[in-house]
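Comments concern the structure below.
Numbered from 1 within each chain, the chains take letters A, B, ... in sequence-line order.
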There are 2 protein chains.
Amino acid sequence: MARKPPSADSLLQLDNQICFAVYSASHAFNRVYKPLLDRLGLTYPQYLVMLVLWERDGVAVKEIGERLYLDSGTLTPLLKRLEQAGLIKRARSTEDERQVLIGLTAQGQTLKDKARAVPPSILAASQCSVAELTAIRDEIAALRDRLNAMAGVNGR
Amino acid sequence: MARKPPSADSLLQLDNQICFAVYSASHAFNRVYKPLLDRLGLTYPQYLVMLVLWERDGVAVKEIGERLYLDSGTLTPLLKRLEQAGLIKRARSTEDERQVLIGLTAQGQTLKDKARAVPPSILAASQCSVAELTAIRDEIAALRDRLNAMAGVNGR
DNA sequence: AACAATTCAATCGTACACAATATAAAAAGC
DNA sequence: GCTTTTTATATTGTGTACGATTGAATTGTT
């Protein structure tokens, strides 16, 4: 058995772990988003749901879950709060009554205009060029997809 | 009114947002970690606290919070669960009674040996070279630090 | 047609995460 | 010395996250 390398346990060191970098960056993003989203009356996961709906209206809960990698246990109460806020409506599909279709209300549609102000503010806060952010984004997304494949999550 | 440009609202598209890449990657990491950490009887945030303590024992709650970017509202109940599990002990500092010092129990020390198996498994799941992961890690950490600076979070 | 297997959403229990507030100890100012 | 301010932790309330289970609806198979 060989002796330990010079920096014993370096793999267990917090700052060496990519997962912690990602975990803490996620929180950091949330902190930057919060004041911006407060103006829209949304939390960050709620904002993600709205992004999905602004891309395509009238989606089943399951599809929202597939796009955001969230399950019904998370989405059901979140969607109820969005409904409470008057931004979406929930209705069982008539073709397949197992599904609940999520649609935007007029108010939910309108909110998109205010939301356009958000991404530029984030870009500014990151103090990065668009090219840099795009590169990191694609690397992280690729890493995420490999991890999800490993954990048996079916992608989009 | 002009027609929409080819990629109207591209900034609002889910997959174009780096924050979503980070957010979803963080969840993906959690999914990969879960079965590994279940064997240690830890959740991921609990594992992070243990990493801090394995690096240096007998730290105040505040310092743990600074390293992990978490506040007492998160840490207090988490630390109580770790105490319940017999991995740590909590004791008010005698010099400064505002501080609660967190120390490893013998059992908490021992757990480090089992924990050494975790990082290699993560590395394998990522299907990346160490060099690639290191590069992404440092980019994300740098981004996180800029975002935190923007949000007024005092670094380490 | 009948029934087993699957799918989808909801529910429940546990565990973060953070804002806001409370409390108590220590430090600073006068 | 005594008040004010700051600091460290704890508490409470709201909102995610996710595993496990349930129940209703659909599909697949015989």
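When heavy atoms are screened at a 4.0 angstrom cut-off, A/Glu95 is found touching the sugar-phosphate backbone but no base atom.
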**Request:** Please lay out, stage by stage, how B/Ile18 and B/Leu143 fare under the test side-chain contact (heavy atoms from CB on, under 4.5 Å).
**Result:** CA-CA 11 Å; B/Ile18 185 172; B/Leu143 176 58; 3.7 Å; yes
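Hydrophobic cluster membership differs between A/Val59 and A/Leu101, with clusters built from Ile, Leu, Val, Met, Phe, Trp and Tyr side chains linked at under 4.5 angstrom.
Atom pair A/Tyr23:OH and C/dC16:C1' shows a separation of 7 Å (rounding to whole Å applied). Per the geometry, CG belonging to A/Asp71 stands 17 Å off P belonging to D/dT22, to the nearest Å. Straight-line distance from the CD1 atom of A/Ile64 to the C1' atom of C/dC8: 13 Å, rounded to whole Å. Remark: C1' of D/dT16 and OH of A/Tyr47 are 18 Å apart, rounded to the nearest angstrom. To the nearest angstrom, P of C/dA27 lies 12 Å from CD of B/Glu97. Atom pair A/Tyr44:OH and C/dC18:P shows a separation of 14 Å (rounding to whole Å applied). Between B/Arg31 atom CZ and D/dG19 atom P there is a gap of 8 Å when expressed in whole angstrom units. Distance, A/Leu101 CG to C/dA9 P: 8 Å, rounded to whole Å.
Looking at residues 72-88 of chain B, you'll see B/Gly73, B/Thr74, B/Leu78, B/Arg81 sit with a heavy atom under 4.0 Å from some atom of DNA chain C. Interface residues of residues 34-43 of chain B facing DNA chain C, ordered by number: B/Thr43; criterion, heavy-atom separation under 4.0 Å.
The backbone N or O of A/Leu104 lies less than 3.5 Å from no partner atom in the side chain of A/Trp54, so there is not a single donor-acceptor pair. A donor-acceptor distance shorter than 3.5 angstrom exists from the side chain of B/Gln17 to the backbone of B/Leu11, with no hydrogens or angles considered. The backbone N or O of B/Gly73 sits nowhere less than 3.5 Å from a side-chain atom of B/Thr76 that would complete a donor-acceptor pair.
The side chain to side chain donor-acceptor pair (under 3.5 Å) check on A/Arg81 picks up nothing, with sequence neighbours excluded.
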What donor-acceptor contacts under 3.5 angstrom involve side-chain atoms of residues 133-141 of chain B, with partners at least two apart or in another chain?
{"unit_1": "B/Thr134", "atom_1": "OG1", "unit_2": "B/Val130", "atom_2": "O", "d": "2.7"}
{"unit_1": "B/Arg137", "atom_1": "NH1", "unit_2": "A/Asn16", "atom_2": "O", "d": "3.0"}

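Screening residues 111-133 of chain A for salt bridge (charged side-chain N to carboxylate O under 4.0 Å, His left out) gives A/Lys112-B/Asp9, A/Asp113-A/Arg116, A/Arg116-B/Asp9 as the qualifying pairs, with residues at least two apart or on separate chains.
Of the residues A/Tyr44, A/Tyr69, A/Tyr23, the one that meets the ring-ring contact (aromatic ring centres under 6.0 Å, His included) test with B/Tyr23 is A/Tyr44.
Looking at which nucleotide of DNA chain C each of A/Arg92 and B/Leu70 is closest to, the 5′-most match is held by A/Arg92. In terms of position along DNA chain D, the nucleotide closest to B/Glu63 lies nearer the 5' end than the nucleotide closest to the other residue of the pair A/Thr94 and B/Glu63.
Using a 4.0 Å cut-off, no side-chain N or O of A/Tyr69 falls inside it from OP1 or OP2 of D/dA17.
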**Message:** So if I define the base as every atom that isn't primed, P, OP1 or OP2, how would nucleotides 3-8 of chain D read as a B/S/- string at a heavy-atom cutoff under 4.0 Å?
**Reply:** ----BS
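Using a 4.0 Å cut-off between charged side-chain N and carboxylate O, B/Glu66 and B/Lys62 make a salt bridge. No salt bridge links A/Glu97 with A/Arg92; every basic N to acidic carboxylate O contact stays at or beyond 4.0 Å.
In summary, the aromatic rings of B/Tyr33 and B/Tyr47 are positioned with their centroids under 6.0 Å apart.
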